2 protein chains.
Amino acid sequence: MQLRNQVEWALHCCAILAGLPEARFLSTKDLAKLHGVPKEYLGKALQALSQAGLVEGTLGPSGGYRLAREAAGITFLDIVEAVEGKSSSFVCTEIRKNNPCRTPGMRKNGPCAIARVMWDADRAWRERLAAVSLADLARTLADELPPDQIARMGEWIEARS
Amino acid sequence: MQLRNQVEWALHCCAILAGLPEARFLSTKDLAKLHGVPKEYLGKALQALSQAGLVEGTLGPSGGYRLAREAAGITFLDIVEAVEGKSSSFVCTEIRKNNPCRTPGMRKNGPCAIARVMWDADRAWRERLAAVSLADLARTLADELPPDQIARMGEWIEARS
DNA sequence: ATATTACGGATATTTCATATCCTCAGAGAT
DNA sequence: ATCTCTGAGGATATGAAATATCCGTAATAT
């Protein structure tokens with residue numbers, strides 16, 4: 001079980017967008033160059049973010065993407081689910097139905113006990129992701145990254161008018 | 001992102017094995033019949049459980065599998081990791097290294113802040129799975145399943161001497 | 001007008017989950 | 001001893017999904 005590569009890309013892109021000057025857009029091309037990933041395929045991930053209402057895109061030269069809301073209102077879970085989907089990592093195929101010993105009376109059993117445990121763990125995973133916002137991430141990065149690199153990032157972005 | 005089908009099968013098989021009479025083995029063939037899944041492919045999952053030391057297999061007629069330890073000592077996490085692997089669902093490819101603005105001085109940055117969040121969520125998922133043992137599951141099932149079905153299961157198993 | 005961009009569809013490529021088949025060695029039954 | 005049944009493990013086929021690229025369209029800034 002492994003998350004898509006696009007999840008990692010989308011998270012890093014959102015981290016960049018969260019650090020952007022007010023009302024500034026950054027294009028797919030620049031985001032791809034910044035992370036060294038294929039532009040076309042990254043575009044798909046960004047479209048997913050756009051469709052989920054996390055970012056908004058604008059056309060034309062000097063177009064691109066920016067966050068659709070404040071960074072504090074976008075969580076890791078929002079981004080992960082936008083790219084990876086909201087369905088649980090565990091899918092119950094109800095193989096207990098195949099058991100020849102099962103009660104034929106079709107008692108309306110609730111969900112399988114095994115599935116409940118797995119879904120519970122999945123919920124814990126999502127809760128943890130929902131607890132961290134892009135604002136939290138930006139705070140951490142501002143704290144950890146060397147100041148000169150942050151400055152250089154500002155210049156780099158400024159350079160792409 | 002989705003767990004293998006084998007994970008579900010392995011969990012259900014372990015649930016059966018946990019309910020087995022002392023020292024009783026159950027073969028792959030019977031486990032496959034009981035769950036309506038392909039015998040050969042299920043065998044692979046059971047081999048993974050065996051290799052992880054969760055179950056032990058014996059050869060010959062009346063051979064098969066049984067739990068290698070007491071049900072209370074085997075958790076959902078053990079089973080999931082035996083089949084699915086222990087590696088995190090999020091793999092950090094260090095795309096920040098591709099950032100042209102990064103400090104060339106190779107400051108020994110710790111792990112990426114984004115990866116840390118994702119790994120933390122993965123840890124929460126695993127902790128939740130580690131909190132439930134096969135004994136817990138057996139207790140739940142004994143509580144929920146209709147008694148006659150449990151009885152019929154006993155007969156069914158008894159029938160395969 | 002022209003260049004640039006997001007958007008969406010179509011398609012190729014690669015990887016991985018799924019599934020089957022086969023051989024081998026060990027264990028029990030006759 | 002011989003036979004059958006079993007798990008272990010390798011080789012391989014198949015299908016779906018992730019990865020990646022290409023193209024056409026509409027919108028927008030210069």
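These numbers come from a predicted model, not from an experiment. Just so it is clear, the values below take in all heavy atoms, side chains as well, and ignore hydrogens, waters and symmetry mates.
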Table please: side-chain donor-acceptor pairs of residues 35-52 of chain B below 3.5 Å, with sequence neighbours left out.
residue : atom : partner : partner atom : Å
B:His35 : ND1  : B:Leu31 : O            : 3.1

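The stretch residues 46-55 of chain A comes close to DNA chain C through A:Gln47, A:Ser50, each having a heavy atom under 4.0 Å from the strand. Taking a 4.0 Å limit (strictly below) on heavy-atom distances, residues 25-40 of chain B reaches DNA chain C at B:Pro38, B:Glu40.
Per the geometry, CD belonging to B:Gln6 stands 8 Å off C1' belonging to C:dA17, to the nearest Å. Put simply, CG on A:Leu42 is 14 Å from C1' on C:dT5, counting in whole angstrom units. Across the protein-nucleic acid pair, A:Tyr41 atom OH and C:dG8 atom P stand 17 Å apart, rounded to whole Å. Counting to the nearest Å, the P atom of C:dC16 and the CD atom of B:Glu84 are 12 Å from each other.
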Evaluate B:Ile16 against B:Tyr65 for side chain to side chain contact (heavy atoms under 4.5 Å, CB included), listing each step before the verdict.
CA-CA 11 Å; B:Ile16 299 291; B:Tyr65 291 99; over 6 Å; no
Evaluation steps, side chain to side chain donor-acceptor pair (under 3.5 Å), between B:Thr75 and B:Asp78
CA-CA 5 Å; B:Thr75 70; B:Asp78 293 327; 3.2 Å; yes
Would A:Asp122 and A:Phe90 satisfy side chain to side chain contact (heavy atoms under 4.5 Å, CB included), going step by step from the backbone distance to the final call?
CA-CA 8 Å; A:Asp122 190 87; A:Phe90 181 82; over 6 Å; no
Expected string for nucleotides 25-30 of chain C under the B/S/- scheme (protein heavy atoms, under 4.0 Å, primed atoms plus P, OP1, OP2 as sugar-phosphate) is -BBS--
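Residue pairs meeting the salt bridge (charged side-chain N to carboxylate O under 4.0 Å, His left out) criterion with at least one partner in residues 45-64 of chain A, sequence neighbours excluded, are A:Glu56-A:Arg66. Contacts classified as salt bridge (charged side-chain N to carboxylate O under 4.0 Å, His left out) and involving residues 8-31 of chain B (residues at least two apart or in different chains) are given here: B:Asp30-B:Arg160.
Residue A:Gly43 is out of contact with every strand shown, counting any heavy-atom pair closer than 4.0 Å.
Taking SG from B:Cys101 and CD1 from A:Ile157, the interatomic distance works out to 7.5 Å, rounded to the nearest 0.5 Å.
Shown here are the side-chain hydrogen bond (donor to acceptor under 3.5 Å, both in side chains) partners of B:Ser88, two or more places apart in sequence or in another chain: there are none. A:Glu81 pairs by the salt bridge (Lys or Arg N to Asp or Glu O under 4.0 Å) definition with A:Lys86, A:Arg126, not counting sequence neighbours. A search for salt bridge (Lys or Arg N to Asp or Glu O under 4.0 Å) contacts involving B:Arg139 returns B:Asp136, not counting sequence neighbours. Listed by chain and residue number, nothing satisfies the side-chain hydrogen bond (donor to acceptor under 3.5 Å, both in side chains) test with B:Asn5 (two or more places apart in sequence, or in another chain). Take B:Arg4 and apply the salt bridge (Lys or Arg N to Asp or Glu O under 4.0 Å) test, not counting sequence neighbours, and it matches B:Glu84.
Mapping heavy-atom proximity under 4.0 Å, the span of DNA chain D touched by chain A runs 5' to 3' from D:dA18 to D:dA29.
Taking each heavy atom of A:Ala68 and A:Gly53 in turn, the nearest pair found is CB-O, 3.4 Å.
Each of A:Lys44 and A:Met1 has a nearest nucleotide on DNA chain C; the 5'-most of these lies closest to A:Lys44.
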